[in-house]
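Right, one structure below, let's go through it.
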Amino acid sequence: MEKEYNYSEIQKKWQKYWEENNFYRAEDFSEKPKYYIMVMYPYPSGSGLHVGHCRNYIPADVVARYKRMKGFNVLNPIGYDAFGLPTENYAIEKGIPPQEITKKNIEIFRQQLKNLGISYDWTREINTSSPEYYKWTEWFFLLLYKRGLAYKDYSAQWWCPHCKTVLANEQLINGKCWRCDTPVVKKRLAEWFFKITEYADALEKDLETIDWPEKIKSMQKNWIGKSKGTEINFKAATADGTEYDIPVFTTRIDTIFGVTFLVVAPEHSLAKTLTTEENREKVLEYIKKAESEKEIDRLSTEKEKTGIFTGSYAMNPLNNEKVPILVGDYVVGTYGTGAVMSVPAHDQRDFVFAKKYKLPIRQVISPDGKEHELTEAYTEDGILINSGAFSTLKSNEAREKLATHIEKNHLGKSVTRSHIRDWLISRQRYWGAPIPVIHCEKHGIVPVPEENLPVLLPDEVDFTPRNTGESPLANDLDFVNTTCPICGGPAKRETDTQDGFACSSWYYLRYVDPHNDKAPFDRKKSDYWLPVDLYIGGAEHAVMHLLYSRFYAKVMYDAGLIGFNEPFKKLLNQGMILGIDHQKMSKSKGNVVNPDDVIKQYGADTLRMYILFMGPFDQDAIWSVETINGTHRFIKKLWTLFTSAIEEKKTEKVTLRKEKEINVIQDKMIQKITDQLENYKFNTTISSFMEWLNFLNKSAREIPDIIKTDAFTETMETFIKMLAPIAPHMADELWSRLDHKESVHLEQWPQATGIYKEEKVSIVLEVNGKVRDTIEIGKDTDEQTVKEIASNREKIKKMTSEGTILKIIYVKNKLLNIVLKK
RNA sequence: GCCGAAGUGGCGGAAUUGGCAGACGCGGCGGACUCAAAAUCCGCAGGGGUUCAGAGCCCCGUGAGGGUUCAACUCCCUCCUUCGGCACCA
C-alpha cells in the first residue's frame with residue numbers, strides 16, 4: 001500500500017467511485033426525515049468558479065454530508081442562473097450565440113464543482129436558459145397575469161444607458177445600475193410590472209416566522225418601509241374656478257395647524273394644471289429641468305432644495321386657511337400622494353425651504369407649551385399650541401383625536417403607506433425568458449395559451465441592444481408577427497424579456513422535480529421536500545432575489561399550488577473571500593484565485609479544510625497562502641500518523657492504561673465537534689480536529705505502543721468518520737485502509753457517551769477574584785470538602801492569613817472564590 | 001442623518017454565553033536532523049516588573065471612560081473608530 005499522501009490519485013479514485021455508485025442521489029418520498037439544503041446557484045460566467053464561490057459551496061456540502069450521516073434524506077442540488085447580460089454582451093462582442101457560450105461555461109463550472117468533491121445530486125441539475133426551464137418561467141408570468149398581478153404601464157422609468165435596458169427599483173444602487181455602475185436616466189416607456197406592493201404587508205409580517213439573519217430581515221423591513229399616517233385632502237381652485245383635490249400624506253397630523261404652504265412633486269399630475277398664466281413659463285421650465293436630471297443628482301440629500309410658486313392656493317381643511325402651492329424637487333413623485341403639506345416649524349426640510357423662499361413659519365408643537373424662537377425645526381413630539389380646539393393636547397393624543405375628527409368629517413383617512421414599489425420586470429434584452437403575451441389590435445393584450453408554451457427565443461437574430469427602448473427581438477419579424485389566439489387575426493408578440501430574477505424566484509421548486517414536462521413541479525414532491533431547510537448565499541441579494549422569491553411563494557400559496565408561504569426556513573450568509581491585497585476578488589484587479597490551481601497544489605481536501613478554517617463562516621476573510629500551508633501540514637500529519645498506525649497495529653496487539661485517556665478525549669471531541677457543526681462554527685471545528693490530532697501525536701510519541709491498541713484504532717475510526725464531511729476523499733481512503741468494505745460516507749455519525757463528564761474536574765481557586773491556584777478533584781465534590789482542601793494549600797493559606805474572610809463563593813465543578821478584607 | 005454589525009497578541013481568530021482571556025493556526029525566536037538549505041520534528045512566546053539566571057512570584061491587559069457583581073471580552077450607561085445597508089419616505 002502506498003505510503004505517500006497522493007491526493008490526486010485519492011481524489012480521482014473516490015470521485016469516480018461515488019459517481020458510479022450514485023452516492024448522492026436524493027430519494028423522493030424516502031422514509032427518512034428529509035433535509036433540503038440549497039446554495040445560491042452561480043451565474044456561469046466566462047471566468048469560471050473562483051474561491052469566493054467555495055466559501056458558500058464547501059460549508060454547505062459539509063452540512064449536507066453531516067446531515068446524511070445523521071440519518072437524513074438530503075437534497076443537495078445545483079444549477080445555473082444562466083440568462084443574463086454578461087453572456088449576452090460577450091456574445092455580441094465575439095459574434096457567438098449566447099446559447100453556445102452558456103453551454104461551454106456550464107461545462108467548466110460543472111467540472112470545477114466536481115473537482116471540489118461536492119456531494120450534489122447531479123441528476124437534478126438545472127439551467128434557467130434551457131427551454132425546458134424557461135417554459136415554466138413563462139408559465140409563472142401567466143399565473144401572475146391571470147391573478148391580476150402583472151400589468152403594463154406607461155411611465156418614466158430608470159434606464160441604464162450602458163446596459164440599454166430599464167431596471168427595477170431594487171436594482172438601482174445609489175442612482176446607479178447594479179451591474180455596471182452607470183448613472184441611470186429617466187425614460188418614458190411602456191413596461192411590465194409585477195404587483196409586489198399587494199404583498200407588502202404579508203412580506204413584512206411573515207419575516208417574524210423565518211430564521212434569517214437579523215441584518216437581512218431589517219433590510220427587507222426597511223425596503224418595504226411601512227409607515228402609518230393620515231391622508232388628508234386639501235382643496236385647490238384654478239383661475240377658472242375649477243376645484244381640485246390635493247390629497248397629502250403625513251405621519252404628523254398633529255402639526256396640521258402649522259401648515260404654511262403645499263409642495264407638489266414636478267411629476268405631480270396637477271402641477272401644470274394648477275399653474276396660473278403669469279407663472280406658466282417659469283414653472284414649465286422648472287419641471288422640465290427637474291425631470292431631465294439624472295436620478296443620482298436628484299437623490300442627493302446634499303443638493304439644495306429648490307421650488308417655484310404655481311400661483312394657486314389650497315385650503316387647509318382644518319382651519320380653512322389659504323396656503324400657497326409650490327412645485328418642488330424635494331418631493332418624490334412616486335411616494336405617498338406626490339404632494340406634501342409643509343410644516344416648516346416641525347420638519348427640517350420644510351424649514352430650510354421656507355427660510356430660502358421667505359415663507360411663513362408657525363410653531364404649533366412646543367416642548368413646554370410656550371412659543372419659542374426657532375433656529376431649526378422642532379421635530380420631537382410635544383404640546384400643541386396655536387391649534388384651535390386641539391391646543392394644549394399632547395402630540396400622541398392630538399394624533400388620535402385629529403384622526404377621528406378627520407374620518408368623521410370625511411376630510412381624509414388613516415392609511416398605511418409603503419416605500420416598496422411594484423417590480424418592473426421587462427428588459428429590453430435578448431438573453432432572458434420571453435414574456436408570453438401577444439398584442440392584438442382587436443383584443444389588446446392576449447396571454448399566450450398554456451399549451452403553446454414555451455415561447456422560444458429565436459436562434460438566429462441580431463441581438464445587439466438598441467437605444468430606442470425596444471428589445472432586439474423586435475428586429476426578428478418572424479418572431480414578432482403572429483396571430484391572435486382569440487380571433488386568429490394578425491398580431492404582434494411582446495418582444496421584451498423577463499428580468500433574470502424571475503427565473504431565480506422559483507428555481508428551488510424545480511429541483512424537487514426537474515424533469516417534469518407537464519407542470520413546473522409535482523405537488524406531492526413539493527410537499528415532501530419543501531420548504532428549504534437551509535439556504536446559503538450572499539447578503540447582496542437581500543432586497544432583490546430574496547424578496548422576489550418570497551413574493552412568488554406567497555402568490556403560489558394563494559393560488560393553491562404549494563403548501564407553504566415562506567420558501568426558505570433558515571438563511572445563512574457566507575462572508576466574502578478577499579484577495580491577498582484585501583480587495584474584493586475581480587479579474588481586473590488580478591487577485592482572483594482559481595480553486596483548480598489550489599487543488600493541483602494541495603488537493604481538494606486541503607482546500608475544503610482551509611476554506612472552513614480561515615475564519616467565521618459569515619465573516620469576510622482574506623486569502624492567505626501561509627494559512628493554507630498550515631492546514632495542508634495538518635492533513636499530512638494526519639495521514640502520516642494514521643497510515644503508520646494502520647500498519648503497526650497489524651504487527652501485535654497491546655493493552656495499555658493510557659487507553660482510558662484516549663477514550664475520554666474521543667468522547668469529548670465527539671461532543672465538541674458535533675456542537676460546533678450544529679452551530680455552523682466550521683473554523684473551530686477544524687481547530688478541534690487539530691487539537692485532537694496533536695493529542696494523539698503526542699501520545700504516540702510518549703508511548704509508541706499506543707498506536708497498537710484497540711482504543712487507538714477505535715479513535716482513528718471515529719476521527720475519520722467525523723472528518724468525512726470535511727475531507728471526504730482522504731476519509732474514504734483511510735477508511736478503506738482500515739479494511740472496511742463500504743464507504744465511510746454511509747456510516748452513522750458517532751455519538752458521545754458522556755464518559756468525559758465523569759472524570760475529575762479542575763477547580764480554580766481565587767482570592768478576591770484572582771486566580772491563585774487550581775486543584776484536581778472528583779466531579780461534584782461538595783463545598784465543604786473543597787473549602788478544606790483549598791485552605792490547606794500553601795498559597796491560599798498564606799493569603800488568607802493576611803486578612804479576614806468576608807465570604808466564600810463556590811460554583812460546583814468550576815471555582816472557589818475567597819473574598820478577603822484587607 | 002437613520003438602521004444594523006463589529007472593535008481581543010505581530011496577524012487570522014478562540015472563550016461552554018457572567019467563572020483560568022489569548023484555544024487552534026500563521027508569522028517569529030531557539031534547538032534537532034543536514035556539508036548546507038528546503039521539508040520534517042522538538043521547544044519558547046500578551047505587555048511589564050522582580051531575580052545573576054531559570055523556576056517562582058507580583059502588577060497591567062479584550063477600542064475609551066464610568067457602573068453593576070465575589071467575579072465582566074461577556075450585562076448596563078456615555079463616547080470613539082471601522083464596515084455594511086438605507087437615505088429629501090413627508
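Lettering follows sequence order; numbering is per chain, from 1. Just so you know, these numbers use all the heavy atoms, side chains as well, and skip hydrogens, waters and symmetry mates.
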ask   = Under 4.0 Å between a side-chain N or O of A/Gln348 and OP1 or OP2 of B/rG1?
value = no

ask   = Using the purine O4'-C1'-N9-C4 or pyrimidine O4'-C1'-N1-C2 torsion, is B/rG9 syn (within 90° of 0) or anti?
value = syn

request  = Look at the aromatic rings of A/Trp639 and A/Tyr5 and report parallel, tilted or perpendicular, splitting at 30° and 60°.
outcome  = tilted

message = With rounding to the closest Å, how many angstrom separate the P atoms on B/rU8 and B/rA14?
response = 11 Å

ask   = Looking at CD1 of A/Ile173 and NZ of A/Lys176, how far apart are the two atoms once the value is rounded to the nearest 0.5 Å?
value = 10.5 Å

inquiry  = Within the 4.0 Å heavy-atom criterion, would you say A/Lys637 contacts the bases, only the backbone, or no part of the nucleic acid?
reply    = sugar-phosphate

task = Report the distance from atom NE2 of A/His632 to atom P of B/rC24, rounded to the nearest whole Å.
result = 22 Å

Sole residue of A/Glu204, A/His419, A/Glu170 in side chain to side chain donor-acceptor pair (under 3.5 Å) with A/Trp223 = A/Glu170

task = Rounded off to whole Å, could you give me the CZ-to-P distance for the A/Arg772 and B/rC70 pair?
result = 18 Å

task = Can you tell me the distance, in whole Å, between the CG atom of A/Asn683 and the C1' atom of B/rA15?
result = 12 Å

task = Find the distance A/Asn768:CG to B/rU69:C1' and express it as a whole number of Å.
result = 13 Å

key: Rounded distance (Å) that lies between atom P of B/rG84 and atom NZ of A/Lys584   = 10 Å

key: Protein-nucleotide distance (A/Ile673, atom CD1; B/rU16, atom P), rounded to Å   = 17 Å

key: Mate of B/rU69 where both pairing distances stay under 3.5 Å, Watson-Crick or G-U   = none

Nearest-angstrom distance, C1' atom, B/rU81 to B/rU62 = 16 Å

ask   = Using atom C1' of each nucleotide, how far apart are B/rC83 and B/rG30 to the nearest Å?
value = 40 Å

Residue matched to B/rA37 through Watson-Crick or wobble contacts both under 3.5 angstrom = none

key: Nucleotide forming a Watson-Crick or wobble pair with B/rG43, both distances under 3.5 Å   = B/rC29

query = Looking at A/Lys770, does any N or O in its side chain come under 4.0 Å of the phosphate oxygens OP1/OP2 on B/rC60?
reply = yes

query = For A/Phe234, which of A/Ile325, A/Asp245, A/Val259 qualifies under side-chain contact (heavy atoms from CB on, under 4.5 Å)?
reply = A/Val259

request  = Measure from CD1 on A/Ile256 to C1' on B/rA90 and round the result to the nearest Å.
outcome  = 12 Å

note = A/Asn817 has its side chain closest, among B/rA15, B/rA87, B/rA71, to B/rA71

B/rC41 OP1/OP2 closer than 4.0 Å to side-chain N/O of A/Arg701 = no

task = Give none if B/rC24 has no partner; otherwise give the nucleotide forming a Watson-Crick or G-U wobble pair with it, both distances under 3.5 Å.
result = B/rG12

request  = Between B/rC41, B/rG19, B/rG25, spot the one nearest the side chain of A/Ile809, thanks.
outcome  = B/rG19

task = Please state the P separation for the pair B/rG85 and B/rU78 - nearest whole angstrom.
result = 27 Å

inquiry  = Whole angstroms only, please: what is the CD-P distance between A/Gln676 and B/rC24?
reply    = 13 Å

query = Is B/rU17 paired to anything, Watson-Crick or G-U wobble with both distances less than 3.5 Å, and if yes, which nucleotide?
reply = none

task = Pick base, sugar-phosphate or nothing for A/Val771, based on heavy-atom distances below 4.0 Å to the nucleic acid.
result = sugar-phosphate

inquiry  = Given the structure, check if the side chain of A/Asn222 and the base of B/rC86 hold any donor-acceptor pair shorter than 3.5 Å.
reply    = no

inquiry  = Please report the interatomic distance CD(A/Gln671) to CD1(A/Ile755), rounded to the nearest 0.5 Å.
reply    = 12.0 Å

inquiry  = Between B/rA64 and B/rC2, how many Å separate the two P atoms, rounded to a whole number?
reply    = 25 Å

key: Residue-phosphate contact under 4.0 Å: A/Asn694 side-chain N/O, B/rG25 OP1/OP2   = yes

request  = Please confirm whether any donor atom in the side chain of A/Ser762 sits under 3.5 Å from an acceptor in the base of B/rC20, or the reverse.
outcome  = yes

inquiry  = Applying a 4.0 Å non-hydrogen cut-off, can you work out what A/Val764 is touching in the nucleic acid: base, sugar-phosphate, or nothing?
reply    = base

ask   = Does any nucleotide pair with B/rU78 by Watson-Crick or G-U wobble geometry, both distances under 3.5 Å, and what is it?
value = B/rA64

query = Are any of A/Ser688's side-chain N or O atoms less than 4.0 Å away from OP1 or OP2 of B/rC24?
reply = no

request  = Quick one: label A/Gly615 by what it contacts on the DNA or RNA (base, sugar-phosphate, nothing), any heavy atom closer than 4.0 Å.
outcome  = nothing

query = Going by heavy atoms in the side chains, are A/Pro213 and A/Leu572 under 4.5 Å from each other?
reply = no

task = Classify the angle between the aromatic ring planes of A/Trp692 and A/Phe719 as parallel (below 30°), tilted (30 to 60°) or perpendicular (above 60°).
result = tilted

inquiry  = When the C1' atoms of B/rU69 and B/rA87 are compared, how many Å lie between them, rounded to an integer?
reply    = 42 Å

Identified pairing partner of B/rC2, criterion: Watson-Crick or G-U wobble below 3.5 Å = B/rG85

ask   = Taking the side chain of A/Met219 as heavy atoms from C-beta outward, which of B/rG85, B/rC20, B/rA14 is closest to it?
value = B/rG85

inquiry  = When the C1' atoms of B/rG19 and B/rA72 are compared, how many Å lie between them, rounded to an integer?
reply    = 10 Å

ask   = Distance between the C1' atoms of B/rG13 and B/rA6, in whole angstroms?
value = 14 Å

message = Looking at A/Lys681, I'd like to know whether one of its side-chain N or O atoms comes within less than 4.0 Å of OP1 or OP2 on B/rA15.
response = yes

message = With syn defined as a glycosidic angle within 90° of 0 and anti as the rest, where does B/rU40 land?
response = anti

ask   = Can you say whether the rings of A/Tyr357 and A/Phe353 are parallel (under 30°), tilted (30 to 60°) or perpendicular (over 60°)?
value = tilted

ask   = OP1 or OP2 of B/rC70 less than 4.0 angstrom from a side-chain nitrogen or oxygen of A/Lys807, does that happen here?
value = yes

key: Options B/rU40, B/rG19, B/rG12, nucleotide nearest the side-chain atoms of A/Lys814   = B/rG19

OP1 or OP2 of B/rA90 under 4.0 Å from side-chain N/O of A/Tyr330 = no

query = Using a cut-off of less than 4.0 Å, is there contact between a side-chain N or O of A/Arg633 and OP1 or OP2 of B/rC41?
reply = no

task = Report the relative orientation of the aromatic rings in A/Tyr335 and A/Phe249; use parallel for angles under 30°, tilted for 30 to 60°, perpendicular for over 60°.
result = perpendicular

